[in-house]
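To start, the structure itself, in structure tokens.
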Amino acid sequence: MVAAVRAETRWATRCIPIFLAAAVGYTTYVFSKRICVDYFLRHRQQTGPAIALLVLHFTFLCLMVATYFRVFLVIQYNPGVTPLGPLAVEREEREKEAQKNRTLCGRGRGREEDLEANSFDAYWPDPNVDSPGLERFYSKSVFICHTDGRPRWCSSCYNWKQDRASHCSEINRCVKKMDHYCPWVGGIVGETSFKFFLQFNFYTAVHCITILTASAICLRSSIKDGALDGFVVGAVVISAFFGLFTFAMTATSARYACVNLTNVDYIKSKTLVHQLAIQVPRGTAPGLDYSVITYPLPKPDSDRSINQSPTPPTTSEPMSERDLLATRTFAVVKTEKGENPWHLGWYRNWKSIMGTNILDWVLPFNHSPCEDYENNESFYEMGPLIQELRRRYHLPEMPLNEKGGLELREPEQRRSGRGGVGGASNAAL
Ligand SMILES: [Zn+2]
């Protein structure tokens, strides 16, 4: 479990479910007893509408409760945080140890410890050319990068930041496809919980509309009769408040799902420029409007660096054939403002989050398909913008023997006398 850093947020997150349970208990009592039984059944003698309203009410109540527990449990046990770097793990252990000592000694946080924690941020980013986790990026064909061609770096988690991950200051961790911190559902809404969050908001909005409609009819009648029921007024206020709130959240979340943006993306979507490392053939020289970077990164004493030829360096130890084939060159290019590299078209965007069929869309069982997408190409399915960027920057096409994992098969092809592009391609098929 990943708890909020600030005590007030932790307490709000713990108390809100109790408040929600009280609101649901209250409206269920008023709707079932005072509206359906007392008003529709006894007062107006309308059995059909009373039963229909009760069925609607409990159907959406069950769906609302089920989706709430689904989103709450996912957020508690699988919030989609990315791993901490080795030094961040060390820092966490140090902080736990210091906390234990403070509790034992009964004293406050020491200035000395604060200074020690701050000095940690000086390591930005990891200068190690064989930094753990770096290979996960350059083994793909495209990833989000800094101007220098290295992946984005999180100085709090002390780790490379995966595409579409953002650092959440509330829990002090990077979260995949972070949307927002929501104490109403128990924590951070991100890749693993967004689908269930949208479903929960939708069912709550429909549930509230059912209560609001029936209680408004009941209230109008009781005003005519001159006998205002305070319980029904309470139900109108609660259902109107939560109904409006969740309707707005449903509409906003559905819109994000259709355009494949998170709340974090959307805030800066009009002005954000993405910087991408796109794989190009080994040996590609820098262009007029793009630089190139070659991985694995050169050792400090090597001649190779960004914007230099990615051909093997002339060092005392020549590169092995395997190392040469594992070498990958990337062009560092920029999108225009507001362009979204993950935009697949609204229907495919929607399916990548909500699932591939209607049952997936309405039931809170299966996770979003985008959680399992990662492959040799990219962390998430990329849209047509990548091909457009290749054309826009006149990037050379990738030869077949450099695509995917083919280069690692090449030595075998040569040994077996079936070398060349065609042989490698057939072997891959
Ligand atoms: Zn982080």
*Interatomic spacing from CD in Glu336 to CG in Leu272 - rounded to 0.5 Å*: 12.5 Å
*Just jot down the side chain to side chain donor-acceptor pair (under 3.5 Å) partners of Thr13, sequence neighbours excluded, or say none.*
Tyr181
*asked:* Holding to side chain to side chain contact (heavy atoms under 4.5 Å, CB included), I want the full list of residues that pass it with Ile209, two or more places apart in sequence or in another chain.
replied: Thr213
*Using a strict 4.0 Å threshold on nitrogen-to-oxygen distance, state whether Glu388 and Arg391 make a salt bridge.*
yes
*Are Tyr158 and Trp153 side-chain neighbours, meaning at least one heavy-atom pair lies under 4.5 Å?*
yes
*Decide yes or no for Glu97 and Lys100: does some side-chain heavy atom of the first lie under 4.5 Å from some side-chain heavy atom of the second?*
yes
*Applying ring-ring contact (aromatic ring centres under 6.0 Å, His included), which residue pairs with at least one partner in residues 378-399 are found, sequence neighbours left out?*
Phe137-Phe379
*Sort and list the pairs that fulfil salt bridge (Lys or Arg N to Asp or Glu O under 4.0 Å) and have at least one residue in residues 132-144, not counting sequence neighbours.*
Arg136-Glu374, Lys140-Glu374
_Whether the side chain of Asn159 engages the backbone of Pro83 through a donor-acceptor N/O pair (distance < 3.5 Å, no angle test) should be reported._
yes
*Proximity of Trp160 and His146 rings by center, below 6.0 Å*: no
*Would you indicate whether the side-chain heavy atoms of Met64 and Val24 approach each other to under 4.5 Å?*
yes
*asked:* Assess the residue pair Asn172 and His167 against the criterion (side-chain hydrogen bond (donor to acceptor under 3.5 Å, both in side chains)); give the C-alpha distance rounded to whole Å, side-chain angles, the decisive distance to 0.1 Å, and a yes or no.
replied: CA-CA 7 Å; Asn172 201 25; His167 188 82; 2.9 Å; yes
Show me the donor-acceptor pairs within less than 3.5 Å that the side chains of residues 241-251 make with the rest of the protein, sequence neighbours left out.
| from | atom 1 | to | atom 2 | distance (Å) |
| --- | --- | --- | --- | --- |
| Thr246 | OG1 | Ala205 | N | 3.4 |
| Thr246 | OG1 | Phe242 | O | 2.6 |
| Thr246 | OG1 | Gly243 | O | 3.4 |
| Thr250 | OG1 | Asn201 | O | 3.3 |
| Thr250 | OG1 | Phe202 | N | 3.3 |
| Thr250 | OG1 | Thr246 | O | 2.6 |

*With Tyr26, which residues qualify under side chain to side chain donor-acceptor pair (under 3.5 Å), at least two apart?*
none
*What are the two closest heavy atoms between Lys334 and Val273, and how far apart are they?*
CB-CG1, 3.9 Å
*Should the heavy atoms of other residues, nucleotides or ligands under 6.0 Å from OH of Tyr373 be counted, would the total exceed 12?*
yes
*Can you measure from OG (Ser368) to CZ (Phe194) and round to the nearest 0.5 angstrom?*
8.5 Å
*For His274 and Pro341, work out which heavy atoms get closest and say how close.*
CD2-CD, 3.4 Å
*Are Arg150 and Leu297 side-chain neighbours, meaning at least one heavy-atom pair lies under 4.5 Å?*
yes
*Atom of Arg173, atom of Thr82 and distance for their closest heavy-atom approach*: NH2-O, 2.9 Å
_Pairing residues for Gln76 by the side chain to side chain donor-acceptor pair (under 3.5 Å) criterion, not counting sequence neighbours_ = none
*Given side chains that start at C-beta, do those of Arg328 and Gln279 come closer than 4.5 Å, heavy atoms only?*
yes
*Which pair of heavy atoms, one from Thr284 and one from Val292, lies closest together, and at what distance?*
O-CG2, 3.9 Å
*Going through the distances and angles, do Met178 and Thr262 end up as a side chain to side chain contact (heavy atoms under 4.5 Å, CB included)?*
CA-CA 7 Å; Met178 181 179 112; Thr262 65; 6.0 Å; no
*So do the side chains of Val236 and Leu212 get within less than 4.5 Å of each other, counting heavy atoms only?*
yes
*Could you tell me which residues satisfy side chain to side chain contact (heavy atoms under 4.5 Å, CB included) with Leu288, sequence neighbours excluded, listed by chain and number?*
none
*asked:* Testing the 3.5 Å rule here: is there a donor-acceptor pair between the side chains of Thr147 and Gln275?
replied: yes
_Minimal non-hydrogen separation, Leu53 against Phe31, with atom names_ = O-CE2, 3.5 Å
*Hey, what do you get for CG (Asp179) to OG (Ser253), rounding to the nearest 0.5 Å?*
6.5 Å
*Not counting sequence neighbours, list each pair that qualifies as a salt bridge (Lys or Arg N to Asp or Glu O under 4.0 Å) and has a residue in residues 1-27.*
Arg6-Glu8, Arg6-Glu170
*Hey, could you give me the CG/OG distance between Leu134 and Ser139, rounded to the nearest 0.5 Å?*
9.5 Å
_Phe58, CZ: over 12 other non-hydrogen atoms inside 6.0 angstrom_ = yes
*Tell me, with the steps shown, if Tyr138 and Phe330 meet ring pair (Phe, Tyr, Trp, His ring centres under 6.0 Å).*
CA-CA 8 Å; Tyr138 68 79; Phe330 292 84; 7.5 Å; no
*Rounded to the nearest 0.5 Å, how far apart are OG1 of Thr210 and CG of Leu54?*
11.5 Å
*asked:* Using the side chain to side chain donor-acceptor pair (under 3.5 Å) criterion, which residues pair with His57? Sequence neighbours excluded.
replied: none
*Measure the OG-CD distance between Ser193 and Gln199 for me, rounded to the nearest 0.5 Å.*
11.5 Å
_salt bridge (Lys or Arg N to Asp or Glu O under 4.0 Å) contacts touching residues 248-272 (sequence neighbours left out)_ = Arg164-Asp265
*asked:* So which atom in Val175 and which in Cys168 form the shortest heavy-atom distance, rounded to 0.1 Å?
replied: CG2-CB, 4.1 Å
*Ignoring hydrogens and angles, tell me if any N or O in the side chain of Asn260 forms a donor-acceptor pair with the backbone of His343 under 3.5 Å.*
no
_Quick test of your reading: applying salt bridge (Lys or Arg N to Asp or Glu O under 4.0 Å), list the pairs with at least one residue in residues 341-367, sequence neighbours left out, ordered by first then second residue._
Arg348-Glu381
_Using side-chain heavy atoms (C-beta onward) and a distance below 4.5 Å, is Phe197 in contact with Trp184?_
no
*Would you say Val189 and Ile75 make side-chain contact, with heavy atoms under 4.5 Å?*
yes
